[in-house]
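What follows is a short report on a single structure.
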Amino acid sequence: MSRILLTGGLGYIGSHCAVELLENGHEVVIIDNLYNSKVEVLDYIRQITSKEAVFYQGDCCDESFLSDVFSKESIDAVVHLAGYKAVGESVVQPLKYYSNNVNATIALLNAMKNHNVNRLVFSSSATVYENSGSYEKIEKDKLWCTNPYGFTKMFSEQIIRDYCVSNQSFSAINLRYFNPIGAHPSGLIGENPNGIPNNLMPYIQQVAVGILPMLKVYGNDYDTVDGTGMRDYIHVVDLAKAHLSAISYLLENDIKGCDDINIGTGKSTSVLQLVNAFQKANNITIPYVIVERREGDIANIYADTTKAKQILNWQSKYSIEDMCKDAYHWQLNLQKKRKLL
Ligand code: NAD
Ligand code: UFG
């Protein structure tokens with residue numbers, strides 16, 4: 001049993017990580033500034049696990065706040081999820097993104113250094129891969145980004161790599177997530193984006209319950225199975241379990257340095273395939289219209305998952321059908337809660 005700090009631990013992925021860690025006997029300390037989450041999530045984590053996570057509200061860029069938390073808590077390892085994640089907003093407000101995402105990583109590493117905490121798992125993204133060559137991405141492929149959000153991930157990865165070189169006691173894993181979707185099967189935690197969703201699954205969910213009238217499918221002339229864009233969708237619970245594996249790997253082995261590991265299923269699904277799977281799994285109709293391609297989108301991308309299997313002994317278990325069912329269940333529960341308010 002270890003004591004794990006989750007930065008951004010009340011967010012979509014962080015809350016699922018908290019559940020997996022608590023259910024597997026770890027203690028969990030959460031830092032979140034509630035920029036994109038609500039404190040109620042703590043109750044839902046408690047309801048699912050019957051265990052308590054310790055919560056500190058504060059900003060990860062604030063080194064003295066981090067230092068206080070590290071002084072009070074005896075932390076064995078950190079999962080660093082705190083950050084802004086809206087790609088479009090990052091193009092319009094790049095400084096906001098560099099300032100929050102890169103500074104949070106630096107402040108955290110400084111605090112870890114000062115408190116001799118030497119194990120880190122970082123939330124990176126498949127968006128760091130250059131859009132060239134094969135659709136299947138392997139960790140040693142070339143990195144380059146098309147937007148400031150992506151660069152904050154690429155730079156944070158590099159900062160972590162450089163710090164590992166300078167401190168022989170420190171080890172880290174950059175987990176490169178592909179496309180996390182779905183929700184906890186309890187229906188208590190999931191993703192609840194502000195405003196109109198940018199991402200496909202949250203958009204489908206809102207069409208499914210009548211918040212939005214129809215899905216816009218961005219282009220059907222890509223070089224893919226049916227012309228629509230393809231992505232490697234991964235159930236958020238599988239993704240959370242990958243964090244558990246990464247933490248265990250770092251704590252149980254005398255690892256040196258920094259590694260990058262893809263977290264996906266290894267296969268991609270098209271927009272129309274996902275729409276059809278959602279309709280079938282939930283026995284409902286999702287109206288859609290084909291519109292122009294979205295600027296910056298790529299045809300297809302999926303993970304080579306060999307390294308995750310070999311190093312972390314992890315592989316995804318949930319199917320696209322599970323992802324669709326759990327996403328809809330969560331969205332229906334959200335609607336019920338809204339009506340009660
Ligand atoms: P999220 O917005 O739901 O969670 C991030 C949490 O961090 C939020 O609760 C927010 O309030 C908090 N936060 C942001 N800045 C903070 C700061 N300076 N100090 C303290 N708390 C702060 O996002 P998510 O989907 O759970 O993503 C978690 C991480 O995974 C992010 O770093 C994101 O970039 C990365 N990621 C997400 C995806 C995805 O599709 N969801 C894909 C790849 C990588
Ligand atoms: N799409 C639609 N209609 C929509 C939304 C999306 O047709 O309303 C299509 C897109 O064109 C794309 C696919 O659905 O073909 C997936 O789009 P998402 O926006 O759901 O996901 P992206 O792969 O574009 O990007 C997401 C996150 C990034 C992250 C990346 C890889 O937004 O932050 O996954 O992890 F970097």
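In each ligand, atom 1 is the first atom listed, and ligand 1 is the first ligand listed.
Nearest protein neighbour of atom 26 (O) of ligand 1, counting heavy atoms only, is Ile13 N, 2.8 Å. For atom 36 (F) of ligand 2, the closest non-hydrogen atom on the protein side is Ser125 OG, 2.8 Å. Of the protein's non-hydrogen atoms, the one nearest atom 3 (N) of ligand 2 is Lys216 O, 2.7 Å.
Considering backbone and side-chain N/O atoms, Asp32 comes within less than 3.5 Å of an N/O atom of ligand 1. Considering backbone and side-chain atoms together, Tyr203 places no N or O closer than 3.5 Å to any N or O of ligand 2. The N/O atoms of Tyr84, backbone and side chain alike, include none that comes under 3.5 Å of an N/O atom in ligand 1. Polar contact with ligand 1: absent for Cys61 (N/O pair, distance under 3.5 Å). Considering both main-chain and side-chain atoms, Tyr218 comes within under 3.5 Å of ligand 2 through a nitrogen or oxygen pair. For a threshold of 3.5 Å applied to N or O pairs, the pair formed by Ile298 and ligand 2 contains no separation below that value. For a threshold of 3.5 Å applied to N or O pairs, the pair formed by Ser124 and ligand 1 contains no separation below that value. Considering backbone and side-chain atoms alike, Tyr149 places every N or O at 3.5 Å or more from each N or O of ligand 2. Ligand 1 has a nitrogen or oxygen under 3.5 angstrom from a nitrogen or oxygen of Leu81. Remark: ligand 1 and Asn33 share an N or O pair separated by less than 3.5 Å (distance only, no angle test).
Phe278 and Tyr328 have their aromatic ring centers within a separation under 6.0 angstrom. A ring-centre distance under 6.0 Å is found for Tyr35 and Tyr84.
With distances taken over non-hydrogen atoms, the option nearest atom 6 (C) of ligand 1 out of Ala126, Gly8, Gly58, Pro180 is Gly8. The closest heavy-atom contact to atom 33 (C) of ligand 1, among the options Tyr149, Tyr12, Tyr177, comes from Tyr149.
The cationic group of Lys337 lies under 6.0 Å from the six-membered ring centre of Tyr44 and within 45° of the ring axis, placing it in a cation-pi geometry.
Looking at Leu34 against ligand 1, only its backbone comes within 4.0 Å, counting heavy atoms. The proximity of Asp297 to ligand 2, defined as any non-hydrogen pair under 4.0 Å, is limited to the side chain.
Each of the atoms 5 (C), 19 (O) of ligand 2 lies under 4.0 Å from some heavy atom of Asn198. Near Thr127, meaning under 4.0 Å from any of its heavy atoms, are these atoms of ligand 2: 36 (F). Of all atoms in ligand 1, listed by their number and element, those nearer than 4.0 Å to a heavy atom of Asn100 are 15 (N), 17 (C), 18 (N). If you number the atoms of ligand 1 from 1 as listed, the ones under 4.0 Å from a heavy atom of Ser123 come out as 29 (C), 30 (O), 32 (O), 35 (C). Shown in contact with Tyr35 at under 4.0 Å from a heavy atom are these atoms of ligand 1, numbered in order with element: 11 (O). Counting atoms of ligand 1 from 1 in the listed order, those under 4.0 Å from a heavy atom of Asp59 are 17 (C), 18 (N), 19 (N). Close contacts between ligand 1 and Gly11 involve ligand atoms 3 (O), 4 (O), 9 (O), 26 (O) [criterion: under 4.0 Å to a heavy atom]. For ligand 1 and Gly83, the ligand atoms under 4.0 Å from any heavy atom of the residue are 5 (C), 7 (O), 13 (N), 14 (C), 15 (N). The ligand atoms of ligand 1 that sit less than 4.0 angstrom from a heavy atom of Ser37 are 8 (C), 9 (O), 11 (O). Within the listing of ligand 2, atoms 31 (C), 35 (O) sit less than 4.0 angstrom from a heavy atom of Phe178.
When the options Asp322, Thr265, Asp326 are evaluated for a side chain to side chain donor-acceptor pair (under 3.5 Å) with His235, the one that passes is Asp326.
Distances from ligand 2 to the non-hydrogen atoms of Tyr288 include no value under 4.0 Å. In this structure, Lys153 has a heavy atom closer than 4.0 Å to ligand 1. In this structure, Thr7 has no heavy atom closer than 4.0 Å to ligand 1.
With sequence neighbours left out, Arg161 forms a salt bridge (charged side-chain N to carboxylate O under 4.0 Å, His left out) with Glu157, Asp260. Listed by chain and number, the residues in a salt bridge (charged side-chain N to carboxylate O under 4.0 Å, His left out) with Asp221 are Arg293 (sequence neighbours excluded).
Note on Asp297 versus Arg294: salt bridge recorded, some NZ/NE/NH1/NH2 to OD/OE distance being below 4.0 Å.
The CG atom of Asp32 sits 8.0 Å away from atom CD of Gln57, with the distance rounded to the nearest 0.5 Å.
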